[in-house]
Structure formats: structure tokens, C-alpha cells
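Contents: one structure, followed by commentary.
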Number of protein chains: 2
Amino acid sequence: MLSHKAKYALKALLYLAEQDENHISKTIEIADGANIPKKFLEQILLDLKRGRFVSSKQGKFGGYYLIKSKNEITLAEIHRLFDGAIALLPCASLNFYEPCSDCKTEEECSLRHGLMLIRDETLKAMQGITIASLIKK
Amino acid sequence: MLSHKAKYALKALLYLAEQDENHISKTIEIADGANIPKKFLEQILLDLKRGRFVSSKQGKFGGYYLIKSKNEITLAEIHRLFDGAIALLPCASLNFYEPCSDCKTEEECSLRHGLMLIRDETLKAMQGITIASLIKK
DNA sequence: TCTATTCCCTAGTAGATTGATAGAATTTAT
DNA sequence: ATAAATTCTATCAATCTACTAGGGAATAGA
């Protein structure tokens, strides 16, 4: 399941993607528009900035705007940024790999192979969902 | 990610599936064989019993045994029993549906449609992974 | 019937995580 | 200078996770 953070991040990106080109959105606008607690959203936007999905302008008339195309921001990336691994166990993960503590030998893990298949399928599906694809007509 | 409970459940089922037909396995055997804390495993086996994956014999020489074919126990079922919904949000879930609290109208949820696509893909993949398929030769 | 052995059941608990909120510092336009 | 915005750090209650503890109930064999 997605955390609220990840869900709010997607909704915020969706909000930004629906604005006119060159429009800068204040946190409070996004919060109201996408129904997200404002102070919580502040943190999320900072994370999105660190992840290079958005950039910001400080001071009066400042705010946030997309710096990555809405066609190139995928659910997979947002999941990884906020909720970590896409795989079901760390030992089956590409980006968050860790060995199992309870598997005797490295290749002894009985679940690893099957979970890597799941990871590949899920990842492929999640890479197919972009912010653009979520915008309904 | 899978909880330890779900991971241990899979390993325990795998252990049971590898035993001879009609063999009854004590909790301690499974715990030692699959490297799972014994008291924790007790709870997990009870959950698996309530879920009709295994049955048990009480008293001396008692233990646990599979009552569902290893070809018919899927990762999807174990995930749902221990970790709940497979979908990334409750509003996109088949078995654990709940409406979003932060989406204004029911059909307003911008994420629901995309997440249902992911759910279908993930579910299909998870239904393809059975205990039998995890047993390596 | 006694005893050893096993499953069954209910509580409790330390530690981590989640979903926020609070408040002040910093930056910028006018 | 001042107002308006982002940025940063800290805090916090509630929940969840991964166990552990301790007994009760059932069963087989002596």
C-alpha cells in the first residue's frame, strides 16, 4: 500500500501538471486544490524538490513548479522516493537490496526468485503509469 | 513489502510442502527447519489454519500438515491473509475496498483508475506464484 | 489415570514508523 | 522595511510490528 505521503505527492504532482505552463503554485493553493494538509505538504514538496521532480522559487510570489515532464514522472519513481522498495522483500530488490537475515546461505532464499518475478512485473506496470496518464479528460 | 509474518508463512508452507505425504510436522521442526522464531510461528500457523491452508492434530505426536494443494496456494492469498490489500490504495482494492477520505467525490479520485491497472497486473503475477512454483529442484 | 507432549489462546511490550503539527529562520518582491 | 513565501528542525500521539510470556486444553502411551 502507498503511504499518505506518496499518495499526496502524486496528487500534488497531478495538480502541478494541470496548471498552465510557467505558472507557479503556492503550497497553500496545492493544499487546497488537492485536499492535502498544508504543513504536511510542505515536507512532501521539499522531498519532491530533492528528488528533482519540482523546483521552487522562494520569497514573495514564490512557489513550486514541475521541472520534469509529466510524461516522464512515473509511479515507480514516486513509490521509490517515498515508500522505498517495489520488491516484496529486500533480497529481491534492485534499488534497496539487502540480504535476508534468516536465510542461511545467500542463494538459499527460497522466496527470492519468485519475488524477483513479481518485482519485474510490478515495476513494468508502475513504470507505465505516469502523471500524464493519470490526468483524465 | 511483505511483513515478516507473511514471509515466515510462505517459508513454513514451503517447509510443509517439502515433507512426505501424510507426515505431520511439529511447530519446532518447522521453526528450526525454516529459521523462524518458534512462538511467533505458533501464531502464524494458527492464522494459516484459520485460513484453511493447513490443519493440525493436537496432543502428543500432533503437529501441522497442508490441507490445500501446493499448486493452489498462491502468493496473492498469503499476502491478503497477512498483509491485506494488494492494491496500492484502499479505493482501488477488490477485497479491502474503502473510499478515500480526501477525495471530494467518489469518482473524483485521480489515482483510482491508474492504481486499479497496477492492481490487476500485480494480482495476476501474484496468482502465478504458488508454493509449488517456489520449490526449487 | 497419570504424565509428557503438543497445539491453542490471550496478554503484554519495546521499538519503529506514520501522519501529522509548531515555530522560527531564510529568501524575495515591492 | 515589510509582507509573503519557502525552508528547516523539532516534537508528538497513535498505530503497527515483531516478537515474548505464560498458561490452558487435547492427546497418546504407560
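Fair warning: this is a prediction, and the values are worked out from it, not measured in the lab. Order of the sequence lines fixes the chain letters, A, B, ..., with proteins taken first and strands second; residue numbering starts at 1 for each chain.
Whole-Å rounding puts the B/Phe40 CZ to C/dC7 P distance at 17 Å. Remark: P of C/dT18 and NZ of A/Lys7 are 15 Å apart, rounded to the nearest angstrom. For B/Asp47 and C/dC9, the CG to C1' distance is 12 Å, given to the nearest whole Å. Between B/Lys60 atom NZ and C/dT1 atom P the separation is 18 Å, expressed in whole Å. Protein atom CD1 of A/Ile28 is 16 Å distant from nucleotide atom P of D/dT7, rounded to whole Å. Remark: P of C/dC8 and CG of B/Leu48 are 12 Å apart, rounded to the nearest angstrom. Rounded to whole Å, the distance from CD on A/Glu29 to P on D/dA5 is 9 Å. Look at CZ on B/Phe82: it is 17 Å from P on D/dC16, rounded to the nearest Å.
Each of A/Glu42 and A/Ser3 has a nearest nucleotide on DNA chain C; the 5'-most of these lies closest to A/Ser3. Taking for each of B/Gln58 and A/Lys38 the nucleotide of DNA chain D with the nearest heavy atom, the 5'-most of the two is the partner of A/Lys38.
The phosphate of D/dT17 (OP1 or OP2) has no side-chain N or O of B/His4 nearer than 4.0 angstrom. An OP1 or OP2 oxygen of D/dT6 is reached within less than 4.0 angstrom by no side-chain nitrogen or oxygen of A/Arg50. At least one side-chain nitrogen or oxygen of A/Lys26 sits closer than 4.0 Å to the OP1 or OP2 atom of D/dA5. For the pair B/Tyr65 and C/dC7, the criterion of a side-chain N or O lying under 4.0 Å from OP1 or OP2 is not met. Proximity of B/Ser56 to the phosphate of C/dC8: a side-chain N or O atom is located under 4.0 Å from OP1 or OP2. Proximity of B/Lys39 to the phosphate of D/dA18: no side-chain N or O atom is located under 4.0 Å from OP1 or OP2.
Among the nucleotides C/dC7, C/dG19, D/dT27, the one closest to any side-chain atom of B/Tyr64 is C/dC7. Side-chain proximity of B/Leu46 to the nucleotides C/dA29, C/dC9, C/dA20 is greatest for C/dC9.
Contact annotation for B/Gly62: backbone-only contact, meaning every heavy-atom pair under 4.0 Å involves sugar-phosphate atoms and none involves a base. At a threshold of 4.0 angstrom between heavy atoms, the contacts of B/Phe61 are confined to the sugar-phosphate backbone, with no base atom among them. Residue A/Tyr8 is classed as a sugar-phosphate contact, given heavy-atom separations below 4.0 Å to backbone atoms only. Note on A/Lys49: only backbone sugar-phosphate atoms sit closer than 4.0 angstrom, heavy atoms only; bases stay farther off.
Within the 4.5 Å cutoff, the side chain of B/Arg80 has heavy atoms near those of the B/Phe96 side chain.
No donor-acceptor contact under 3.5 Å links the side chain of A/Gln43 to the base of D/dT7.
For the atom pair CG of B/Leu13 and CD of B/Glu77, the computed distance is 10.0 Å after rounding to the nearest 0.5 Å. To the nearest 0.5 Å, atom CG of residue A/Leu88 and atom CG of residue B/Leu2 are 4.5 Å apart.
Counting only N and O atoms by type, the side chains of B/Asp83 and B/Ser3 include a donor and acceptor under 3.5 Å apart.
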Margin query: Evaluate A/Lys39 against A/Glu42 for salt bridge (charged side-chain N to carboxylate O under 4.0 Å, His left out), listing each step before the verdict.
Written below: CA-CA 5 Å; A/Lys39 283 301 247 178; A/Glu42 282 183 13; 3.5 Å; yes

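The existence of a salt bridge linking A/Asp32 and A/Lys38 is excluded, since no basic side-chain nitrogen approaches an acidic carboxylate oxygen closer than 4.0 Å.
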